[in-house]
Trainee: 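First, the structure itself, so that you have it in front of you.
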Amino acid sequence: MFSKERLHNELLQSTNMTAVELRAWLRTDIAPITVANYKDAPSLDQSNRLLMILMKSTDELTKTDCFFIQSILQRIKYLKNNRSTDHYARLDWENSLRNLGYDIKKQVKSSKKAKAFY
């Protein structure tokens, strides 16, 4: 069926915001506006549920959490692949991804390679 560890790892790889960052984002005035303006935006209930899951360890995940993670992963992939072509809706598209814990403007920090000293 599914492995909790695999799903949890995939969720952590698909989202680039920490639970603290997502919580701060959801408390802004922009997050609820995005839900109202963009048809593919996740509901705030879904975003808050995702936040609760991000704060859990793999062992704490329930079967219901795993099914929810699967749906969130599908939603993230859908939104990434269906970028809004309308200029006026682009910001709502970006904010919808933020509501799912993925900030497209966030730079992926590459790990610094350790210098070898001989």
Trainee: For the CG atom of D92 and the CG atom of N95, what is their distance to the nearest 0.5 Å?
Mentor: 6.5 Å

Trainee: Got a sec, which residues hit salt bridge (Lys or Arg N to Asp or Glu O under 4.0 Å) with R90, two or more places apart in sequence or on another chain?
Mentor: E94

Trainee: Please identify each residue that fulfils side chain to side chain donor-acceptor pair (under 3.5 Å) with W93, with sequence neighbours left out.
Mentor: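 For W93 there are no side chain to side chain donor-acceptor pair (under 3.5 Å) partners, ignoring immediate neighbours.
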
Trainee: To the nearest 0.5 Å, tell me how far L44 CG sits from N48 CG.
Mentor: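 That separation rounds to 6.5 Å.
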
Trainee: Out of curiosity, F67 CZ to T62 OG1, how far, rounded to the nearest 0.5 Å?
Mentor: 10.0 Å

Trainee: Would you check if L7 and L73 make a side-chain contact, meaning some heavy-atom pair closer than 4.5 Å?
Mentor: yes

Trainee: Could I get the full list of side-chain contact (heavy atoms from CB on, under 4.5 Å) partners for I33, not counting sequence neighbours?
Mentor: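 Once residues adjacent in sequence are excluded, the partners of I33 under the side-chain contact (heavy atoms from CB on, under 4.5 Å) criterion are N37.
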
Trainee: Quick one about R6 and N9 (side-chain donor to acceptor, distance below 3.5 Å, no hydrogens or angles considered), yes or no?
Mentor: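 No, no side-chain donor-acceptor contact under 3.5 Å.
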
Trainee: As a test of understanding, state which of R75, M17, K80 forms a side chain to side chain contact (heavy atoms under 4.5 Å, CB included) with L97.
Mentor: K80

Trainee: Could you tell me which residues satisfy side-chain contact (heavy atoms from CB on, under 4.5 Å) with K77, sequence neighbours excluded, listed by chain and number?
Mentor: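 For K77 the side-chain contact (heavy atoms from CB on, under 4.5 Å) partners, ignoring immediate neighbours, are E10.
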
Trainee: Same cluster or not: are Y102 and V20 linked, directly or through other Ile, Leu, Val, Met, Phe, Trp or Tyr residues, by side-chain heavy atoms under 4.5 angstrom apart?
Mentor: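 Looking at the clustering, V20 is in a separate group from Y102.
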
Trainee: Name all residues meeting the side-chain contact (heavy atoms from CB on, under 4.5 Å) criterion together with S96; count only those two or more places apart in sequence or in a different chain, and write none if there are none.
Mentor: T34, Y38, A41, P42, L79

Trainee: Supply the atom-to-atom distance L100 CG to T15 OG1, rounded to the nearest 0.5 angstrom.
Mentor: 9.5 Å

Trainee: Taking only residues two or more places apart in sequence, or in another chain, which ones meet D86 in a side-chain contact (heavy atoms from CB on, under 4.5 Å)?
Mentor: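 Residues passing side-chain contact (heavy atoms from CB on, under 4.5 Å) with D86: S84, Y88, A89.
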
Trainee: Which heavy atom of A19 sits nearest to which heavy atom of L54, and what is that distance?
Mentor: CB-CB, 4.2 Å

Trainee: Transitively linked via ILVMFWY side-chain contacts under 4.5 Å: L51 with I69?
Mentor: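 Yes, same cluster.
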
Trainee: So which pairs with a foot in residues 14-28 pass salt bridge (Lys or Arg N to Asp or Glu O under 4.0 Å), sequence neighbours left out?
Mentor: E21-K106

Trainee: Quick one: salt bridge (Lys or Arg N to Asp or Glu O under 4.0 Å) pairs with a partner in residues 37-60, sequence neighbours left out?
Mentor: K56-D65

Trainee: Look at the side-chain heavy atoms of Ile, Leu, Val, Met, Phe, Trp and Tyr, link any pair under 4.5 Å apart, and say whether M52 and W25 land in one connected group.
Mentor: yes

Trainee: Treating Ile, Leu, Val, Met, Phe, Trp and Tyr as nodes and any side-chain heavy-atom pair under 4.5 angstrom as an edge, say whether L12 and I72 lie in one connected cluster.
Mentor: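 As far as the 4.5 Å side-chain criterion goes, I72 and L12 are connected within one cluster.
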
Trainee: Could you work out, with side chain to side chain donor-acceptor pair (under 3.5 Å) as the rule, every residue matching T58, not counting sequence neighbours?
Mentor: H8

Trainee: More than 12 foreign heavy atoms under 6.0 Å from CE of M55: is that the case here?
Mentor: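 Buried by this count: over 12 neighbours within 6.0 Å.
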
Trainee: Grab the two heavy atoms, one from I53 and one from F68, that are nearest each other, plus how far apart they are.
Mentor: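 What the structure gives for the nearest pair is CD1-CD2, 3.4 Å.
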
Trainee: Nearest 0.5 Å, please: how far is CD1 in I76 from CG in N81?
Mentor: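 Reported value, rounded in 0.5 Å steps: 12.0 Å.
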
Trainee: Which heavy atom in L11 sits nearest to a heavy atom in L50, and how many Å separate them?
Mentor: CD1-CD1, 3.9 Å

